[in-house]
Amino acid sequence: MIKIFDTTLRDGEQSPGCSMNLYEKIQMAKQLESLGVDIIEAGFAIASKGDFEAVREIAKTVRNCTIASLARAVKKDIDYAWEAVKYAKKPRIHTFIATSDIHMKYKLKMQPEEVIKKAVEMVKYAKKYCEDVEFSAEDATRSNPLFLAKIYQEVINAGATVINIPDTVGYIMPHEYYNFIKTITSNMSNADKADISVHCHDDLGMAVANTLSAIKAGATQFECTINGIGERAGNAALEEVVMALKTRKDYFNQTCYIDTTQIMRTSKLLSTITGVQVQPNKSIVGDNAFAHESGIHQHGVLEEKSTYEIMTPESVGLNKNKMVLGKHSGKHAFKDRVKSLGYDLSEEIIVKLFKQFKDLADKKKNVFDKDIEALISGKTIKIPSVYTLNRFVINSGNTISSTATIALEKDSITIEDSAMGDGPVDAAFKALEKLVSMDLVLENYSLNSITEGKDAQGEAIIKLRHNSKIYTGRGLSTDIVEASIKAYIAAVNKVMFDI
Ligand code: KIV
Ligand code: ZN
(Lines give C-alpha, C1' and ligand atoms only; values in the text may rest on other atoms or scores of the structure.)
(Ligands and ions follow the chains in the order given, each with its own letter.)
Protein backbone atom coordinates (compact mmCIF):
# COMPACT_ATOMS: atom_id res chain seq x y z
CA MET A 1 0.00 0.00 0.00
CA ILE A 2 1.64 3.24 -1.14
CA LYS A 3 1.09 6.40 0.95
CA ILE A 4 0.05 9.58 -0.77
CA PHE A 5 1.28 12.89 0.60
CA ASP A 6 -0.55 15.78 -1.02
CA THR A 7 1.20 19.15 -0.98
CA THR A 8 -1.27 21.16 -3.09
CA LEU A 9 -1.80 23.50 -0.16
CA ARG A 10 1.93 24.06 0.45
CA ASP A 11 4.21 23.48 -2.57
CA GLY A 12 1.19 23.90 -4.91
CA GLU A 13 0.13 27.13 -3.33
CA GLN A 14 3.66 28.47 -3.90
CA SER A 15 3.04 28.55 -7.65
CA PRO A 16 2.23 31.93 -9.20
CA GLY A 17 -1.51 32.65 -9.34
CA CYS A 18 -2.42 29.71 -7.08
CA SER A 19 -2.76 31.45 -3.73
CA MET A 20 -5.85 30.55 -1.71
CA ASN A 21 -7.54 32.11 1.29
CA LEU A 22 -8.39 30.29 4.50
CA TYR A 23 -11.86 29.16 3.45
CA GLU A 24 -10.64 27.97 0.09
CA LYS A 25 -7.85 25.96 1.72
CA ILE A 26 -10.30 24.33 4.12
CA GLN A 27 -12.63 23.52 1.23
CA MET A 28 -9.75 22.00 -0.69
CA ALA A 29 -8.53 20.03 2.34
CA LYS A 30 -11.99 18.53 2.84
CA GLN A 31 -12.04 17.46 -0.79
CA LEU A 32 -8.57 15.92 -0.46
CA GLU A 33 -9.93 13.98 2.50
CA SER A 34 -12.83 12.70 0.35
CA LEU A 35 -10.34 11.83 -2.38
CA GLY A 36 -8.54 9.65 0.16
CA VAL A 37 -5.02 11.06 0.41
CA ASP A 38 -3.07 9.82 3.44
CA ILE A 39 -1.27 13.03 4.32
CA ILE A 40 -2.16 16.67 3.62
CA GLU A 41 0.69 19.15 3.86
CA ALA A 42 -1.48 22.10 4.84
CA GLY A 43 1.15 24.83 4.70
CA PHE A 44 4.40 26.26 6.03
CA ALA A 45 3.23 27.50 9.42
CA ILE A 46 5.97 30.05 10.02
CA ALA A 47 5.75 31.56 6.51
CA SER A 48 2.82 33.90 7.26
CA LYS A 49 -0.12 34.44 9.58
CA GLY A 50 -2.40 33.13 6.82
CA ASP A 51 -0.37 29.92 6.46
CA PHE A 52 -0.37 29.37 10.20
CA GLU A 53 -4.13 29.79 10.48
CA ALA A 54 -4.76 27.54 7.49
CA VAL A 55 -2.66 24.71 8.96
CA ARG A 56 -4.33 25.10 12.35
CA GLU A 57 -7.89 25.18 10.98
CA ILE A 58 -7.28 22.24 8.64
CA ALA A 59 -5.78 20.33 11.57
CA LYS A 60 -8.99 20.98 13.52
CA THR A 61 -11.30 20.13 10.62
CA VAL A 62 -9.88 17.10 8.80
CA ARG A 63 -10.00 13.87 10.79
CA ASN A 64 -9.11 11.11 8.35
CA CYS A 65 -5.73 12.31 7.09
CA THR A 66 -2.42 13.09 8.72
CA ILE A 67 -1.89 16.87 8.71
CA ALA A 68 1.65 18.10 8.14
CA SER A 69 3.30 21.49 8.35
CA LEU A 70 6.63 22.30 6.76
CA ALA A 71 9.45 23.70 8.91
CA ARG A 72 13.07 24.52 8.18
CA ALA A 73 15.54 22.77 10.45
CA VAL A 74 15.22 25.69 12.85
CA LYS A 75 13.70 25.58 16.35
CA LYS A 76 11.35 28.51 15.78
CA ASP A 77 9.96 26.96 12.58
CA ILE A 78 9.36 23.69 14.40
CA ASP A 79 7.65 25.51 17.30
CA TYR A 80 5.28 27.20 14.84
CA ALA A 81 4.66 23.98 12.94
CA TRP A 82 3.71 22.19 16.14
CA GLU A 83 1.49 25.02 17.39
CA ALA A 84 -0.47 24.72 14.15
CA VAL A 85 -0.64 20.93 13.67
CA LYS A 86 -1.11 19.94 17.29
CA TYR A 87 -4.92 19.97 16.88
CA ALA A 88 -4.80 17.24 14.27
CA LYS A 89 -5.87 13.72 15.07
CA LYS A 90 -2.70 12.63 13.28
CA PRO A 91 -0.14 15.48 13.26
CA ARG A 92 3.19 15.48 11.42
CA ILE A 93 6.12 17.91 11.48
CA HIS A 94 8.02 17.99 8.19
CA THR A 95 11.47 19.47 8.60
CA PHE A 96 14.09 19.99 5.91
CA ILE A 97 17.66 21.11 5.28
CA ALA A 98 19.63 21.23 2.04
CA THR A 99 22.29 18.58 1.39
CA SER A 100 23.80 19.32 -2.02
CA ASP A 101 27.28 20.86 -2.20
CA ILE A 102 25.87 23.89 -4.03
CA HIS A 103 23.23 24.55 -1.37
CA MET A 104 25.47 23.79 1.62
CA LYS A 105 28.23 26.06 0.29
CA TYR A 106 26.26 29.02 -1.08
CA LYS A 107 22.96 28.99 0.78
CA LEU A 108 23.62 27.46 4.17
CA LYS A 109 27.35 28.24 4.35
CA MET A 110 27.72 25.09 6.42
CA GLN A 111 30.05 22.08 6.31
CA PRO A 112 28.45 18.67 5.58
CA GLU A 113 29.11 17.46 9.15
CA GLU A 114 27.37 20.55 10.55
CA VAL A 115 24.38 19.84 8.31
CA ILE A 116 24.12 16.29 9.67
CA LYS A 117 24.39 17.61 13.24
CA LYS A 118 21.69 20.22 12.63
CA ALA A 119 19.35 17.69 10.99
CA VAL A 120 19.70 15.23 13.87
CA GLU A 121 19.24 17.98 16.48
CA MET A 122 16.11 19.31 14.80
CA VAL A 123 14.54 15.88 14.27
CA LYS A 124 15.09 15.23 17.98
CA TYR A 125 13.62 18.63 18.77
CA ALA A 126 10.53 17.99 16.63
CA LYS A 127 10.21 14.53 18.12
CA LYS A 128 9.68 16.06 21.58
CA TYR A 129 6.43 17.45 20.25
CA CYS A 130 5.30 14.95 17.71
CA GLU A 131 5.62 11.22 17.15
CA ASP A 132 5.46 11.55 13.35
CA VAL A 133 8.44 13.50 11.95
CA GLU A 134 9.40 13.66 8.30
CA PHE A 135 12.89 14.72 7.28
CA SER A 136 13.65 16.04 3.77
CA ALA A 137 17.10 16.52 2.30
CA GLU A 138 16.49 19.48 0.02
CA ASP A 139 18.12 19.19 -3.42
CA ALA A 140 18.76 15.52 -2.66
CA THR A 141 19.18 14.52 -6.30
CA ARG A 142 22.20 16.81 -6.67
CA SER A 143 23.69 15.54 -3.41
CA ASN A 144 26.19 12.75 -2.84
CA PRO A 145 24.12 9.56 -2.32
CA LEU A 146 26.57 8.22 0.28
CA PHE A 147 26.33 11.46 2.23
CA LEU A 148 22.53 11.14 2.02
CA ALA A 149 22.67 7.54 3.26
CA LYS A 150 24.59 8.81 6.27
CA ILE A 151 22.27 11.71 7.10
CA TYR A 152 19.12 9.59 6.59
CA GLN A 153 20.55 6.82 8.75
CA GLU A 154 21.21 9.29 11.55
CA VAL A 155 17.87 11.08 11.38
CA ILE A 156 16.07 7.73 11.53
CA ASN A 157 18.11 6.90 14.62
CA ALA A 158 17.02 10.29 15.99
CA GLY A 159 13.35 9.38 15.46
CA ALA A 160 12.39 10.37 11.89
CA THR A 161 9.45 8.28 10.72
CA VAL A 162 9.74 9.35 7.07
CA ILE A 163 12.78 10.28 5.00
CA ASN A 164 12.16 12.24 1.83
CA ILE A 165 14.48 12.25 -1.21
CA PRO A 166 13.30 15.30 -3.22
CA ASP A 167 14.23 16.12 -6.77
CA THR A 168 13.93 19.79 -5.79
CA VAL A 169 15.06 21.26 -9.10
CA GLY A 170 13.55 18.61 -11.41
CA TYR A 171 16.97 17.51 -12.64
CA ILE A 172 17.21 13.75 -12.44
CA MET A 173 16.15 11.18 -15.07
CA PRO A 174 13.87 8.24 -14.21
CA HIS A 175 16.45 5.44 -14.48
CA GLU A 176 19.01 7.55 -12.54
CA TYR A 177 16.49 8.20 -9.78
CA TYR A 178 15.83 4.47 -9.52
CA ASN A 179 19.55 3.72 -9.08
CA PHE A 180 20.02 6.72 -6.78
CA ILE A 181 17.35 5.47 -4.38
CA LYS A 182 18.71 1.94 -4.47
CA THR A 183 22.22 3.24 -3.71
CA ILE A 184 20.98 5.29 -0.76
CA THR A 185 18.84 2.58 0.80
CA SER A 186 21.38 -0.18 0.29
CA ASN A 187 23.97 1.92 2.13
CA MET A 188 21.76 2.31 5.20
CA SER A 189 21.22 -0.32 7.87
CA ASN A 190 17.84 1.08 8.97
CA ALA A 191 16.07 2.04 5.71
CA ASP A 192 13.23 -0.32 6.61
CA LYS A 193 12.58 1.59 9.85
CA ALA A 194 11.03 4.60 8.10
CA ASP A 195 8.89 5.39 5.09
CA ILE A 196 10.92 6.29 2.01
CA SER A 197 9.31 9.29 0.36
CA VAL A 198 9.89 10.99 -2.98
CA HIS A 199 9.00 14.50 -4.10
CA CYS A 200 9.54 15.39 -7.75
CA HIS A 201 9.45 18.68 -9.62
CA ASP A 202 8.62 18.94 -13.29
CA ASP A 203 11.30 21.26 -14.69
CA LEU A 204 12.22 18.75 -17.40
CA GLY A 205 8.77 17.19 -17.57
CA MET A 206 9.91 14.12 -15.59
CA ALA A 207 8.03 14.54 -12.29
CA VAL A 208 5.49 11.78 -12.85
CA ALA A 209 7.95 9.42 -14.56
CA ASN A 210 10.48 9.97 -11.77
CA THR A 211 7.85 9.33 -9.10
CA LEU A 212 6.83 6.08 -10.76
CA SER A 213 10.43 5.01 -11.13
CA ALA A 214 11.00 5.74 -7.44
CA ILE A 215 8.03 3.59 -6.53
CA LYS A 216 9.61 0.76 -8.49
CA ALA A 217 12.80 1.37 -6.50
CA GLY A 218 10.95 0.88 -3.22
CA ALA A 219 9.55 4.30 -2.25
CA THR A 220 6.65 3.83 0.17
CA GLN A 221 5.30 7.39 -0.01
CA PHE A 222 5.10 9.89 -2.85
CA GLU A 223 4.47 13.60 -2.68
CA CYS A 224 2.30 15.26 -5.28
CA THR A 225 -0.22 17.98 -6.04
CA ILE A 226 -3.58 18.15 -7.77
CA ASN A 227 -3.23 19.21 -11.42
CA GLY A 228 0.55 19.16 -10.86
CA ILE A 229 0.68 22.73 -9.56
CA GLY A 230 3.78 23.76 -7.60
CA GLU A 231 7.00 25.75 -7.61
CA ARG A 232 8.13 26.72 -11.13
CA ALA A 233 7.03 23.92 -13.52
CA GLY A 234 5.11 22.24 -10.70
CA ASN A 235 5.13 18.91 -8.86
CA ALA A 236 4.14 15.39 -9.86
CA ALA A 237 0.40 15.38 -10.57
CA LEU A 238 -1.47 13.16 -8.14
CA GLU A 239 -4.06 12.10 -10.71
CA GLU A 240 -1.41 10.99 -13.19
CA VAL A 241 0.60 8.90 -10.74
CA VAL A 242 -2.52 7.35 -9.22
CA MET A 243 -4.06 6.43 -12.57
CA ALA A 244 -0.75 5.01 -13.79
CA LEU A 245 -0.57 2.81 -10.68
CA LYS A 246 -4.17 1.72 -11.16
CA THR A 247 -4.08 1.18 -14.91
CA ARG A 248 -0.73 -0.61 -14.79
CA LYS A 249 -1.29 -2.60 -11.62
CA ASP A 250 0.21 -5.52 -13.53
CA TYR A 251 3.51 -3.59 -13.65
CA PHE A 252 3.57 -1.73 -10.30
CA ASN A 253 1.58 -4.11 -8.11
CA GLN A 254 0.61 -1.23 -5.81
CA THR A 255 -2.62 -0.15 -4.19
CA CYS A 256 -3.65 3.06 -2.47
CA TYR A 257 -6.65 4.53 -0.67
CA ILE A 258 -7.60 7.01 -3.39
CA ASP A 259 -11.21 7.01 -4.57
CA THR A 260 -10.40 7.73 -8.20
CA THR A 261 -13.99 8.77 -8.95
CA GLN A 262 -13.25 11.91 -6.92
CA ILE A 263 -10.37 12.94 -9.19
CA MET A 264 -12.29 15.17 -11.63
CA ARG A 265 -14.14 16.93 -8.85
CA THR A 266 -10.92 17.64 -6.94
CA SER A 267 -9.23 18.95 -10.07
CA LYS A 268 -12.19 21.19 -10.92
CA LEU A 269 -12.46 22.53 -7.39
CA LEU A 270 -8.82 23.56 -7.49
CA SER A 271 -9.26 25.27 -10.87
CA THR A 272 -12.36 27.05 -9.59
CA ILE A 273 -10.62 28.29 -6.48
CA THR A 274 -7.40 29.42 -8.13
CA GLY A 275 -8.78 30.38 -11.53
CA VAL A 276 -5.95 28.39 -13.10
CA GLN A 277 -7.38 26.00 -15.69
CA VAL A 278 -5.61 22.85 -16.85
CA GLN A 279 -4.67 22.62 -20.52
CA PRO A 280 -7.20 20.66 -22.64
CA ASN A 281 -4.74 17.88 -23.47
CA LYS A 282 -3.61 17.37 -19.86
CA SER A 283 -3.54 13.66 -18.92
CA ILE A 284 -6.51 12.41 -16.88
CA VAL A 285 -8.21 15.74 -16.12
CA GLY A 286 -7.87 17.75 -19.36
CA ASP A 287 -11.06 18.37 -21.36
CA ASN A 288 -9.77 16.19 -24.20
CA ALA A 289 -8.35 13.38 -22.07
CA PHE A 290 -11.31 11.13 -22.90
CA ALA A 291 -12.48 12.73 -26.15
CA HIS A 292 -12.12 10.70 -29.35
CA GLU A 293 -11.97 13.01 -32.34
CA SER A 294 -10.85 10.98 -35.33
CA GLY A 295 -13.38 8.85 -37.18
CA ILE A 296 -11.27 5.72 -36.87
CA HIS A 297 -11.00 6.14 -33.10
CA GLN A 298 -14.70 6.94 -32.71
CA HIS A 299 -15.62 3.89 -34.71
CA GLY A 300 -13.31 1.69 -32.63
CA VAL A 301 -14.64 2.99 -29.31
CA LEU A 302 -18.23 2.52 -30.43
CA GLU A 303 -17.49 -1.09 -31.36
CA GLU A 304 -15.42 -1.87 -28.29
CA LYS A 305 -14.26 0.75 -25.75
CA SER A 306 -10.97 -0.95 -24.97
CA THR A 307 -9.74 -0.35 -28.55
CA TYR A 308 -8.70 3.19 -27.61
CA GLU A 309 -9.56 3.56 -23.92
CA ILE A 310 -7.07 2.27 -21.35
CA MET A 311 -9.19 3.59 -18.49
CA THR A 312 -12.84 4.57 -18.34
CA PRO A 313 -14.02 8.18 -17.97
CA GLU A 314 -16.25 6.98 -15.12
CA SER A 315 -13.22 5.74 -13.19
CA VAL A 316 -11.99 9.34 -12.75
CA GLY A 317 -15.46 10.68 -12.00
CA LEU A 318 -16.50 11.87 -15.44
CA ASN A 319 -20.22 11.48 -15.86
CA LYS A 320 -21.17 10.37 -19.34
CA ASN A 321 -24.80 11.31 -18.77
CA LYS A 322 -24.42 14.95 -19.76
CA MET A 323 -28.04 15.96 -20.13
CA VAL A 324 -29.72 16.58 -16.82
CA LEU A 325 -32.64 18.67 -15.67
CA GLY A 326 -34.79 21.24 -17.41
CA LYS A 327 -36.79 24.28 -16.40
CA HIS A 328 -39.75 22.15 -15.31
CA SER A 329 -37.72 20.11 -12.85
CA GLY A 330 -38.61 20.49 -9.21
CA LYS A 331 -36.41 20.91 -6.16
CA HIS A 332 -36.63 17.25 -5.27
CA ALA A 333 -35.27 16.11 -8.63
CA PHE A 334 -32.59 18.78 -8.47
CA LYS A 335 -31.54 17.67 -4.98
CA ASP A 336 -31.36 14.05 -6.13
CA ARG A 337 -29.21 15.02 -9.08
CA VAL A 338 -26.82 17.01 -6.87
CA LYS A 339 -26.57 13.98 -4.59
CA SER A 340 -25.93 11.59 -7.44
CA LEU A 341 -23.14 13.88 -8.62
CA GLY A 342 -21.59 13.08 -5.23
CA TYR A 343 -22.24 16.31 -3.30
CA ASP A 344 -23.62 16.28 0.20
CA LEU A 345 -24.84 19.85 0.68
CA SER A 346 -26.85 21.56 3.39
CA GLU A 347 -30.50 22.40 2.78
CA GLU A 348 -29.63 26.11 2.89
CA ILE A 349 -27.14 25.73 0.02
CA ILE A 350 -29.54 23.50 -1.95
CA VAL A 351 -32.24 26.20 -1.73
CA LYS A 352 -29.83 28.87 -3.02
CA LEU A 353 -28.53 26.61 -5.76
CA PHE A 354 -32.01 25.62 -6.84
CA LYS A 355 -32.91 29.27 -7.36
CA GLN A 356 -29.79 29.74 -9.48
CA PHE A 357 -30.56 26.56 -11.38
CA LYS A 358 -34.08 27.82 -12.20
CA ASP A 359 -32.70 31.16 -13.41
CA LEU A 360 -30.21 29.30 -15.55
CA ALA A 361 -32.81 26.88 -16.96
CA ASP A 362 -34.86 29.90 -18.02
CA LYS A 363 -31.97 31.28 -20.05
CA LYS A 364 -30.46 28.08 -21.33
CA LYS A 365 -32.06 25.29 -23.34
CA ASN A 366 -30.06 22.41 -21.86
CA VAL A 367 -28.63 22.37 -18.37
CA PHE A 368 -25.76 19.89 -18.20
CA ASP A 369 -24.08 18.26 -15.22
CA LYS A 370 -21.11 20.51 -15.84
CA ASP A 371 -23.39 23.56 -15.42
CA ILE A 372 -24.68 22.22 -12.13
CA GLU A 373 -21.19 21.42 -10.92
CA ALA A 374 -20.08 24.93 -11.86
CA LEU A 375 -22.90 26.37 -9.77
CA ILE A 376 -22.02 24.09 -6.86
CA SER A 377 -18.33 24.91 -6.79
CA GLY A 378 -19.14 28.61 -6.63
CA LYS A 379 -21.64 28.13 -3.82
CA THR A 380 -19.78 25.84 -1.48
CA ILE A 381 -17.03 28.37 -0.94
CA LYS A 382 -18.51 30.68 1.63
CA ILE A 383 -17.28 34.26 1.50
CA PRO A 384 -19.68 36.86 2.88
CA SER A 385 -21.09 39.05 0.10
CA VAL A 386 -20.38 42.60 1.19
CA TYR A 387 -21.28 43.78 -2.32
CA THR A 388 -23.95 42.18 -4.49
CA LEU A 389 -25.01 43.06 -8.00
CA ASN A 390 -28.34 44.83 -8.19
CA ARG A 391 -28.54 45.70 -11.91
CA PHE A 392 -26.45 46.88 -14.82
CA VAL A 393 -26.90 48.52 -18.22
CA ILE A 394 -24.30 48.37 -20.96
CA ASN A 395 -24.22 50.51 -24.07
CA SER A 396 -21.79 49.26 -26.63
CA GLY A 397 -21.22 49.15 -30.39
CA ASN A 398 -18.55 49.51 -33.05
CA THR A 399 -19.19 53.22 -33.62
CA ILE A 400 -19.61 54.39 -30.00
CA SER A 401 -17.54 54.27 -26.83
CA SER A 402 -18.85 51.64 -24.46
CA THR A 403 -20.52 52.84 -21.30
CA ALA A 404 -21.59 50.85 -18.26
CA THR A 405 -23.94 51.82 -15.46
CA ILE A 406 -23.87 49.46 -12.49
CA ALA A 407 -25.88 49.41 -9.28
CA LEU A 408 -24.56 47.43 -6.30
CA GLU A 409 -26.05 46.67 -2.89
CA LYS A 410 -23.93 47.27 0.16
CA ASP A 411 -25.42 47.11 3.68
CA SER A 412 -28.92 47.24 2.14
CA ILE A 413 -28.11 50.50 0.38
CA THR A 414 -28.01 50.76 -3.40
CA ILE A 415 -25.04 52.57 -4.88
CA GLU A 416 -24.78 53.37 -8.58
CA ASP A 417 -22.12 54.72 -10.92
CA SER A 418 -21.22 54.83 -14.63
CA ALA A 419 -18.04 54.79 -16.65
CA MET A 420 -16.81 54.68 -20.24
CA GLY A 421 -14.31 52.14 -21.41
CA ASP A 422 -12.58 50.28 -24.16
CA GLY A 423 -15.37 47.78 -24.77
CA PRO A 424 -18.21 46.68 -22.48
CA VAL A 425 -16.13 44.67 -19.99
CA ASP A 426 -13.58 47.46 -19.56
CA ALA A 427 -16.42 49.99 -19.05
CA ALA A 428 -18.03 47.68 -16.46
CA PHE A 429 -14.75 47.23 -14.57
CA LYS A 430 -14.18 51.00 -14.55
CA ALA A 431 -17.66 51.58 -13.12
CA LEU A 432 -17.00 48.93 -10.46
CA GLU A 433 -13.65 50.52 -9.61
CA LYS A 434 -15.47 53.80 -8.96
CA LEU A 435 -18.12 52.10 -6.86
CA VAL A 436 -15.82 50.16 -4.54
CA SER A 437 -13.12 52.88 -4.55
CA MET A 438 -10.28 50.70 -3.36
CA ASP A 439 -6.70 50.33 -4.44
CA LEU A 440 -7.15 47.43 -6.89
CA VAL A 441 -5.02 46.38 -9.84
CA LEU A 442 -6.45 44.06 -12.46
CA GLU A 443 -3.79 41.33 -12.80
CA ASN A 444 -5.62 38.88 -15.01
CA TYR A 445 -8.97 38.31 -16.65
CA SER A 446 -10.12 35.25 -18.56
CA LEU A 447 -13.33 33.93 -19.98
CA ASN A 448 -14.21 30.28 -20.67
CA SER A 449 -17.37 28.51 -21.59
CA ILE A 450 -18.58 25.77 -19.26
CA THR A 451 -20.45 23.78 -21.90
CA GLU A 452 -20.82 23.96 -25.67
CA GLY A 453 -23.40 25.87 -27.73
CA LYS A 454 -24.37 29.49 -28.17
CA ASP A 455 -26.36 29.53 -24.94
CA ALA A 456 -23.44 28.09 -22.94
CA GLN A 457 -22.63 29.56 -19.56
CA GLY A 458 -19.61 31.85 -19.60
CA GLU A 459 -17.20 31.57 -16.70
CA ALA A 460 -15.18 34.70 -15.99
CA ILE A 461 -12.12 34.49 -13.76
CA ILE A 462 -10.56 37.66 -12.50
CA LYS A 463 -7.46 38.28 -10.42
CA LEU A 464 -7.23 41.56 -8.53
CA ARG A 465 -4.14 42.72 -6.65
CA HIS A 466 -4.63 44.57 -3.40
CA ASN A 467 -1.68 45.35 -1.07
CA SER A 468 0.51 42.86 -2.96
CA LYS A 469 -1.96 39.98 -2.45
CA ILE A 470 -3.88 38.40 -5.30
CA TYR A 471 -7.61 37.75 -4.97
CA THR A 472 -9.39 35.48 -7.43
CA GLY A 473 -13.05 36.00 -8.30
CA ARG A 474 -15.29 33.83 -10.44
CA GLY A 475 -18.57 34.70 -12.11
CA LEU A 476 -21.00 32.56 -14.05
CA SER A 477 -23.71 33.66 -16.44
CA THR A 478 -25.02 33.04 -19.92
CA ASP A 479 -24.19 36.74 -20.44
CA ILE A 480 -20.42 37.24 -20.50
CA VAL A 481 -20.55 40.85 -19.25
CA GLU A 482 -22.65 39.76 -16.30
CA ALA A 483 -20.23 36.87 -15.62
CA SER A 484 -17.35 39.38 -15.67
CA ILE A 485 -19.11 41.80 -13.32
CA LYS A 486 -19.92 38.96 -10.92
CA ALA A 487 -16.29 37.77 -11.01
CA TYR A 488 -15.07 41.28 -10.19
CA ILE A 489 -17.51 41.56 -7.29
CA ALA A 490 -16.51 38.09 -5.99
CA ALA A 491 -12.86 39.14 -5.95
CA VAL A 492 -13.71 42.42 -4.18
CA ASN A 493 -15.70 40.49 -1.55
CA LYS A 494 -12.65 38.38 -0.87
CA VAL A 495 -10.57 41.52 -0.40
CA MET A 496 -13.21 42.87 1.99
CA PHE A 497 -13.17 39.60 3.89
CA ASP A 498 -9.42 39.80 4.34
CA ILE A 499 -9.18 43.40 5.56
O1 KIV B 1 11.13 20.68 -3.51
C2 KIV B 1 11.54 20.49 -2.34
O3 KIV B 1 12.67 20.09 -2.08
C4 KIV B 1 10.61 20.75 -1.27
C5 KIV B 1 11.03 20.31 0.10
C6 KIV B 1 10.70 21.31 1.13
C7 KIV B 1 10.46 18.96 0.38
O8 KIV B 1 9.52 21.24 -1.49
ZN1 ZN C 1 9.01 20.98 -3.67
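As the structure lists them, so they are numbered: ligands from 1, and atoms in each ligand from 1.
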Would the Y23 and F497 ring centres measure less than 6.0 Å apart?
->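 When the ring centroids of Y23 and F497 are compared, they turn out to be within the sub-6.0 Å range.
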Any atoms of ligand 1 less than 4.0 Å from a non-hydrogen atom of E138? List them with their elements.
->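 Result: 3 (O).
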Near P166, which atoms of ligand 1 are under 4.0 Å from a heavy atom of that residue?
->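 Counting atoms of ligand 1 from 1, those under 4.0 Å from P166 are 3 (O).
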Test the K216-Y251 pair against the cation-pi criterion, namely NZ or CZ under 6.0 angstrom from the six-membered ring centroid and within 45° of the ring axis.
->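 Yes, K216 sits over the ring of Y251.
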Judged by modelled atom types alone, do S189 and Q153 share a side-chain donor-acceptor pair under 3.5 Å?
->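 Judged by distance alone, the side chains do pair up.
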Is it the case that D498 and Y471 place a side-chain donor and acceptor less than 3.5 Å from each other?
->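 D498 vs Y471: donor-acceptor pair found between side chains.
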Polar contacts were defined as any N/O atom of the residue lying under 3.5 Å from an N/O atom of the ligand; does this apply to [X] and ligand 1?
X    : result
R10  : yes
E223 : no
H199 : yes

Under 4.0 Å, heavy atoms only, figure out whether ligand 1 is touched by the backbone of [X], its side chain, both or neither.
X    : answer
T168 : both
N164 : side chain
H201 : side chain

Give me the protein N, O or S atoms that fall under 2.8 Å of the Zn ion (ligand 2), sorted by chain and residue number.
->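 Checking every protein N, O and S atom gives D11 OD2, H199 NE2, H201 NE2.
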What do you reckon, is NZ of K282 surrounded by more than 12 foreign heavy atoms closer than 6.0 Å?
->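 Buried by this count: over 12 neighbours within 6.0 Å.
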If you count the non-hydrogen atoms of other residues, nucleotides and ligands that lie under 6.0 Å from NZ in K30, is the total more than 12?
->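 For K30, atom NZ is not crowded (no more than 12 foreign heavy atoms under 6.0 Å).
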side-chain hydrogen bond (donor to acceptor under 3.5 Å, both in side chains) with Y80: which residues, sequence neighbours excluded?
->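 Y80 satisfies side-chain hydrogen bond (donor to acceptor under 3.5 Å, both in side chains) with no residue once adjacent residues are dropped.
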Quick one: side-chain contact (heavy atoms from CB on, under 4.5 Å) partners of A289, sequence neighbours excluded?
->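 For A289 there are no side-chain contact (heavy atoms from CB on, under 4.5 Å) partners, ignoring immediate neighbours.
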Candidate pair D11 and N235, rule side-chain hydrogen bond (donor to acceptor under 3.5 Å, both in side chains), full reasoning = CA-CA 8 Å; D11 214 324; N235 290 58; 3.3 Å; yes
Pairs meeting criterion salt bridge (Lys or Arg N to Asp or Glu O under 4.0 Å) with involvement of residues 149-172, two or more places apart |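 Matches after skipping sequence neighbours: E113-K150.
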